[in-house]
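Residue numbers start from 1 in every chain, and the chains themselves are labelled A, B, ... in the order their sequence lines are given, proteins ahead of strands.
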Amino acid sequence: MAEEARSLNFIEHIIEEDLSKDYSREQLRFRFPPEPNGYLHIGHASSICLNFGLGLRYNAPVNLRFDDTNPAKEEKEYVEAIKKDVTWLGFEWDTECYASDYFQQLYDWAVKLIKEGKAYVDSQSSEEIASQKGTPTDPGKDSPYRNRSVEENLKLFEGMKNGEYPDGAHVLRAKIDMASSNMLMRDPVMYRILHKAHHRTNTDWCIYPMYDWTHGESDYIEQVSHSLCTLEFLPHRELYDWFLDQVVSSDKLRPKQREFARRNLSHTVVSKRKLLQLVEKGIVTGWDDPRMPTISGLRRRGFTPESIRNFADTIGIAKRENVVDVSLLDFHVREHLNKIAPRVMGVLNPLKLVITNYEEGKEEWLEAENNPEDPSAGSREIPFSRELYIEQEDFREEANRKFFRLKLGGEVRLKNGYIIKAESCTKDDEGNIMEVQCTYDPKSKSGSGTEESLRKVKGTLHWVSIPHAITAEVRLYDRLFSDPTPDGHRDKDFLDFVNPDSLEKVTGYLEPSLKDSKIGDQVQFQRMGYFNVDKDSTTEKLVFNRTVTLRDTWAKLEQKS
RNA sequence: UGGCCUAUGGUGUAAUUGGUAACACAGCUGAUUUUGGUUCAGUCGUUCAAGGUUCGAGUCCUUGUAGGCCAACCA
């Protein structure tokens, strides 16, 4: 229903047009083609949501294809991590494919090109080849090996395949046009020699196909109808089509490459090289550090698949450059977590509060609803006693009317408990407030229905009973970079913008119901934000991550004044 | 001294394909609220520039401007 109300993005317009002309719905097929050389990040999430979203929309299969043509960089470990991330996001691929499964077919086609005089073995060094390539404004020069005979090419290529030559001795090049205005058409390399074991084919091959030669042909083999990639591949399209021209038969579907702009997120970087630097320099603890923009980092931080999918849907897809504000991602997690996260109370910056007219040693169990957004979530009981913790920020000796919290002589409600009045406070030698003494109105108990309980007081504070509180390590995260576009400055390195305060660890005092929390559990610490239980948690020590704060209009007010 | 892509509020994306510039976020007001949360109501503000075609242009044409991509045996 909602889907029909949504307007189409430009890719969907292309598909609709194809459908109205020469494509049938059954022919639609998509693919998500990561190279297994690193972890997926939020940018990949957009691409995943685009391709799998299209699959869902058109009821078309989507392949997960590993573009594994460079054994120097790729590992099985990444394959597994990628599969886990895609699955976690909530998508199901039709077929798990590997470009390496097509090595033989690709080789056979390459032989065909050689026979047709459309490919040749070049025996120069990569430097020599590069120097002949020309520049975007100057045409290139033909290689001295460009006109080798078919027989010689065939023999050399087979020798390459059979391991008769060392790395770099020869390459196979397509014979296209050294004067093309498109650099990629200047006799691109199709194969290089690489005596390196592959994570799937092991040492079966010592020549490996290049991206351009592999990608379109893989799409063709899998009969992918729309091969979607990012804008920097636009110049590759001409070559993609040229390679396809060499093998396509008229009774099969011919794939189309179309390009969209990659989504950039403010206050973050996504290039693998830069992410790796963050890990290697110890700025973060690993690829799944909750501050990382990797899928695994976001997962650990407490982001939900739904929130990431909604985010991707909202930002959409287009062809212009963009920097999406992270606050939009925050919005989507809050939106989802607001619906599903149970409310609990936890004090992160404690200030002792003593209720002087509350009987010493007495304890009461107060009923608290688990989620006002979801009545079916039920309620639980929380202990109340004479000595409590509240947040330091929730008490001031003096404050103006805008301060809806506790001040001397002022009243406030303790959430799910009683209305209290601050009477006095004690300070240490330096003037720091150490304790607040207050009185409570015994008839004002929440939910008791008495006249006193119905009284409106302006502020409501969360709290925790000191004798009942459990402690936990709470990790408070802030954005990793202080600049919206850390890698967008020519004169400065992105590392110059690392936010030194992106992680703060505090001890939290939590209501005892949290004692049996499991790794991954998500809760809202009322008035503080959404948190989840980190994988570092043990039975002895709970560790919480703050996923995101609550919207905080008070903090904004404070900042202004 | 090249080729190609792009240009819509602070941000991202739309616009029945030439017919009232809309949606979300952010911002600001107010209401509700036992979370300064949520929810609700309202508000702010936009077609890169100049020409042209047309009854009518964000959309088509021309010129300009700005930004991006292209010279890995990476993907």
Separation of atom [atom1] in [X] from atom [atom2] in [N], rounded to whole Å:
X	N	atom1	atom2	answer
A:N338	B:U33	CG	C1'	13 Å
A:E393	B:U35	CD	P	19 Å
A:H462	B:U35	NE2	C1'	9 Å
A:I42	B:G12	CD1	C1'	14 Å
A:M345	B:U34	CE	P	16 Å
A:W463	B:U35	CH2	P	15 Å

Base, sugar-phosphate or nothing for [X]? Non-hydrogen atoms, less than 4.0 Å.
X	value
A:V457	nothing
A:F403	base
A:K319	sugar-phosphate
A:I317	sugar-phosphate
A:L234	sugar-phosphate
A:N416	base
A:R186	nothing
A:E238	nothing
A:G140	nothing

May I ask you to decide if the ring planes of [X] and [Y] are parallel, tilted or perpendicular, using 30° and 60° as cut-offs?
X	Y	result
A:Y509	A:Y389	tilted
A:Y211	A:F233	tilted
A:F544	A:F531	perpendicular

Would you list the protein and nucleotides 44-46 of chain B atom pairs, both N or O, that sit under 3.5 Å from each other?
none

Any N or O donor-acceptor pair linking the side chain of A:R405 to the base of B:G36 at under 3.5 Å? yes
When you measure only distances, ignoring hydrogens and angles, does the side chain of A:R413 come within 3.5 Å of the base of B:U34 through a donor and an acceptor? yes
Check: residues 328-344 of chain A side-chain donor-acceptor pairs under 3.5 Å, at least two apart:
from	atom 1	to	atom 2	distance (Å)
A:H332	NE2	A:T314	OG1	3.1
A:R334	NE	A:T549	O	2.7
A:R334	NH2	A:T549	O	3.4
A:H336	ND1	A:T304	OG1	2.6
A:N338	OD1	A:R343	NH2	2.6
A:R343	NH1	A:N338	O	3.0
A:R343	NH1	A:A341	O	2.8
A:R343	NH1	A:N371	OD1	3.0
A:R343	NH2	A:N338	O	3.3

Does any N or O in the side chain of [X] come within less than 3.5 Å of the main-chain N or O of [Y], such that one atom is a donor and the other an acceptor?
X	Y	answer
A:R31	A:L64	no
A:K175	A:R146	yes
A:Q392	A:P350	yes

Atom pairs and distances, donor-acceptor, side-chain atoms in residues 158-169 of chain A, under 3.5 Å, two or more places apart:
from	atom 1	to	atom 2	distance (Å)
A:N162	ND2	A:E158	O	3.3
A:D167	OD1	A:H195	N	2.9

By side-chain hydrogen bond (donor to acceptor under 3.5 Å, both in side chains), which residues pair with [X], not counting sequence neighbours?
X	result
A:T450	A:S448, A:S453
A:E259	A:R237, A:Q257
A:R200	A:S100, A:D101

What protein N or O atoms touch nucleotides 22-31 of chain B N or O atoms at under 3.5 angstrom, if any, and at what distances?
from	atom 1	to	atom 2	distance (Å)
B:G27	OP1	A:K556	NZ	2.3
B:C28	OP1	A:K560	NZ	3.2

Distance, [atom1] atom - from [M] to [N], rounded to whole angstrom:
N	M	atom1	result
B:C25	B:U46	C1'	16 Å
B:A75	B:U17	C1'	36 Å
B:C60	B:G27	P	35 Å

Among residues at least two apart in sequence or on other chains, which ones pass side chain to side chain contact (heavy atoms under 4.5 Å, CB included) with A:T485? A:V323, A:D483, A:H489
Contacts of A:Y418 that satisfy ring-ring contact (aromatic ring centres under 6.0 Å, His included) - sequence neighbours left out: A:F384, A:Y440
A correct dot-bracket answer for RNA chain B, with pairs being Watson-Crick or G-U at under 3.5 Å, [ ] for crossing pairs and | for inter-strand pairs, is .((((((..((((.....[..)))).(((((.......)))))....(((((..]....))))))))))).....
Nearest-nucleotide comparison on RNA chain B, the residue closer to the 5′ end among A:N322 and A:M528: A:N322
The nucleotide from B:U38, B:A15, B:G2 with an atom nearest the side chain of A:E373 is B:U38
Measure from the side chain of A:P372, starting at C-beta and using heavy atoms only, and say which of B:U34, B:A14, B:U35 lies closest. B:U35
Can you spot which of A:Y208, A:Y120, A:F103, A:F157 makes a ring pair (Phe, Tyr, Trp, His ring centres under 6.0 Å) with A:Y191? A:F157
Does the side chain of A:H13 get closer than 4.0 angstrom to OP1 or OP2 of B:A15 through an N or O atom? yes
Does A:K402 place a side-chain N or O at less than 4.0 Å from the phosphate oxygens OP1/OP2 of B:G36? no
Cut-off 3.5 Å, side chains only: do A:D85 and A:Y39 have a donor facing an acceptor? no
Pairs touching residues 441-457 of chain A that satisfy salt bridge (Lys or Arg N to Asp or Glu O under 4.0 Å), sequence neighbours left out: A:E364-A:K445, A:E411-A:R455, A:D441-A:R455
Could you run down nucleotides 67-75 of chain B 5' to 3' and tag each one B, S or - for protein heavy-atom contact under 4.0 Å? BSSSB-BBB
Glycosidic class, syn or anti, of B:U62 using a 90° window around 0: anti
